[in-house]
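A quick write-up on the structure given underneath.
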Amino acid sequence: MEPGKVAIMHHHLHPGGVTRIIDSQVKSLSQDHPNIRLRVVCGQTDDPYRYKEQGVEVIVHEELNYLFDEHPSPAKINTAIARLNDFLKELLDEDEIIHFHNLNLGKNPLVTYSLYRLAEEGRLVLNHAHDFAEDRPANMAFLEYILRDGLHMEPSMVMYPRNLENYHFAVINSGDQQRLLNQGIDEGHIALLPNPVSVPNTQSLPDKTSCKKKITATFSLDPQTKIVTYPVRVIRRKNIGELILLSELFRSSAVFLVTLAPKNPLELEHYNQWKTFCQENHLNNVLFEAGEKIDFPRLVKGSDLCITTSIREGFGMTYMEPWLYHTPVVGRKIDYITRDFLQTGMVFPGLYNQIIIPGRDSDFKDLPVQDQMYEILKISHDTERQEELFRINPALHQLLETVDPQTIEDNIHRIIQYYSLETYGKKLVETYRRLSLSVG
């Protein structure tokens, strides 16, 4: 039996990963499960009519927005919580599922507390965790300040209630599932809900050869050179230094493209530091901001390979999406991400676990930025050092090898089978059903 009422909630509907997932949830539920009364509730949005065509109401209430006052007084905390409680109790029906995204991230600890209290009163709460405050020290400190110092509550009890049958979690990978198990959450209260992958209409694009010709012409490249694209905004955790290292190691056979610069000013400073380093040292085998000259679908489809050097991901869409354009994905393996994909039967012939630097006995990703730059320059000018690096990192020999077409087709099939929007919708409704049954 399907649940009757669901309120999908978040602090905002601004562009980003969480909003894309909410978009997918609204699309899936409104198309395939029209009997569910669905509403979207947020603290801020530029488009309150975002889901009008799907018949889904968007309700905006500022108390759900980020809490920007870093040190509110006890009086302000109590007043805000009273307003929140009044709003939520007036809005929500007693049997309505409250599906809140990133409730524990620490962007508004008052909301974290209020929904915990509603759950204590018997309301159905699904805490959909995409990210964790424990990975962001400032966010965790904010939660502790509000919950422990302001409300005299143990943060872990509010964030991870272990004694409430009507408070469940959804996570996007098995690594996060294990995090919750380590917190003492019952396995039956955790739904593994990997993000859906949007299947592009590649038939509307020119064929792969034509897309590659477009790239080579745009950037005046040798048509025989392999094109290896990093299809992301280059924030710090994307580990751009390692991409530059690889671009020097494979200079004779491939050129490396980076699609977009970051938008965040702090991230942009780090990114520009690497761009300046390349310019000053004539390391010209990485082309930056290629996505500003060629649109994403053509860039990915026209590439021989897509690459990731990231050291931390949430879901790991970069490992998935390029395959749907018949472009294999290679690069650094993140075990807690890729193991879920491998369990579906996907194959990644060109992944490596680490890049050990000769004479340092440490992974390149763990070096400080200045040391990374130093090693890149040493390796780029020293053939023997390059050979030694390949010797102690044998997986790199296979990095840019051509992937069997059948492997590409098999991976596409697995992605559609396990990560389509239709499959996602079924898992989501089952998650709601389990939560509804938890209260008999």
Side-chain angles (χ1 to χ4, degrees), residues 5-16 18-19 22 39-48 50 57-164 166-170 183:
K5 304 167 188 174
V6 175
I8 295 177
M9 305 177 75
H10 188 44
H11 301 298
H12 62 76
L13 291 179
H14 299 323
V18 172
T19 298
I22 293 174
R39 302 187 288 179
V40 175
V41 188
C42 64
Q44 193 175 46
T45 180
D46 297 327
D47 182 11
R50 185 183 190 95
E57 180 185 13
V58 175
I59 299 165
V60 182
H61 188 77
E62 64 179 2
E63 298 292 341
L64 295 176
N65 200 3
Y66 289 174
L67 183 60
F68 293 107
D69 186 350
E70 295 183 359
H71 294 92
S73 67
K76 282 187 176 181
I77 290 174
N78 290 328
T79 300
I81 286 174
R83 287 198 303 264
L84 252 177
N85 288 343
D86 289 345
F87 164 70
L88 292 171
K89 287 184 176 180
E90 183 178 341
L91 172 72
L92 300 167
D93 295 333
E94 288 191 5
D95 60 344
E96 190 165 8
I97 291 174
I98 305 167
H99 179 170
F100 206 106
H101 289 264
N102 267 351
L103 180 59
N104 283 357
L105 189 56
K107 295 295 188 178
N108 189 334
L110 302 180
V111 177
T112 311
Y113 175 78
S114 293
L115 291 191
Y116 164 73
R117 285 300 188 197
L118 283 180
E120 278 200 319
E121 295 175 13
R123 300 296 184 98
L124 298 167
V125 174
L126 179 66
N127 183 337
H128 196 149
H130 303 265
D131 306 284
F132 289 79
E134 289 86 345
D135 296 331
R136 306 184 186 187
N139 292 29
M140 195 65 214
F142 193 29
L143 278 161
E144 290 173 345
Y145 172 78
I146 297 291
L147 298 177
R148 181 179 289 136
D149 300 343
L151 294 166
H152 309 294
M153 295 288 295
E154 177 55 40
S156 65
M157 189 175 86
V158 176
M159 297 165 67
Y160 304 106
R162 302 165 186 88
N163 60 343
L164 296 176
N166 54 302
Y167 192 116
H168 287 198
F169 290 83
Q183 288 283 353

[X] versus [Y], closest heavy-atom pair with distance:
X	Y	value
A119	N166	O-ND2, 2.8 Å
L164	P161	CD1-CB, 3.8 Å
V60	G43	CG1-O, 3.6 Å
F142	G106	CD2-O, 3.3 Å
Y167	M159	OH-O, 4.0 Å

Could you go step by step and tell me if E121 and N85 meet the side-chain contact (heavy atoms from CB on, under 4.5 Å) rule? CA-CA 12 Å; E121 295 175 13; N85 288 343; over 6 Å; no

Between [atom1] on residue [X] and [atom2] on residue [Y], distance to nearest 0.5 Å:
X	Y	atom1	atom2	value
M9	I22	CE	CD1	10.5 Å
L151	R117	CG	CZ	8.5 Å
N102	N108	CG	CG	13.0 Å
I98	D93	CD1	CG	10.5 Å
L91	I59	CG	CD1	4.5 Å
N104	Y116	CG	OH	12.5 Å

Only counting residues at least two apart or in another chain, list the ones meeting side-chain contact (heavy atoms from CB on, under 4.5 Å) with [X].
X	answer
D46	H14
R136	L105, K107, D131, N139
S156	E154, R162
E144	M140, R148, P155

For the side-chain contact (heavy atoms from CB on, under 4.5 Å) test, which of [options] pairs with [X]?
X	options	value
F100	V41, L126, V111	V111
I77	I146, L67, L147, D149	I146
L13	V40, V18, D47	V40

F169 backbone acceptor or donor facing N127 side chain under 3.5 Å: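 Between the backbone of F169 and the side chain of N127 there is no qualifying donor-acceptor contact (under 3.5 Å).
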
Under 3.5 Å: donor-acceptor pair, side chain of H11, backbone of L64: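 Yes: the side chain of H11 pairs with the backbone of L64.
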
For [X], all residues meeting side-chain hydrogen bond (donor to acceptor under 3.5 Å, both in side chains), sequence neighbours excluded:
X	result
E134	Y160
H130	H101
R50	D23

Mind checking what makes salt bridge (Lys or Arg N to Asp or Glu O under 4.0 Å) contact with [X], not counting sequence neighbours?
X	result
E62	none
E63	R83
D95	K5
R39	E96

Which pairs pass side-chain hydrogen bond (donor to acceptor under 3.5 Å, both in side chains) with one or both residues in residues 65-77, sequence neighbours excluded?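 Those involving residues 65-77 are H12-Y66.
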
Are the side chains of L143 and V158 in touch, meaning some heavy atoms are under 4.5 Å apart?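 In short, these two side chains do not touch, never coming nearer than 4.5 Å.
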
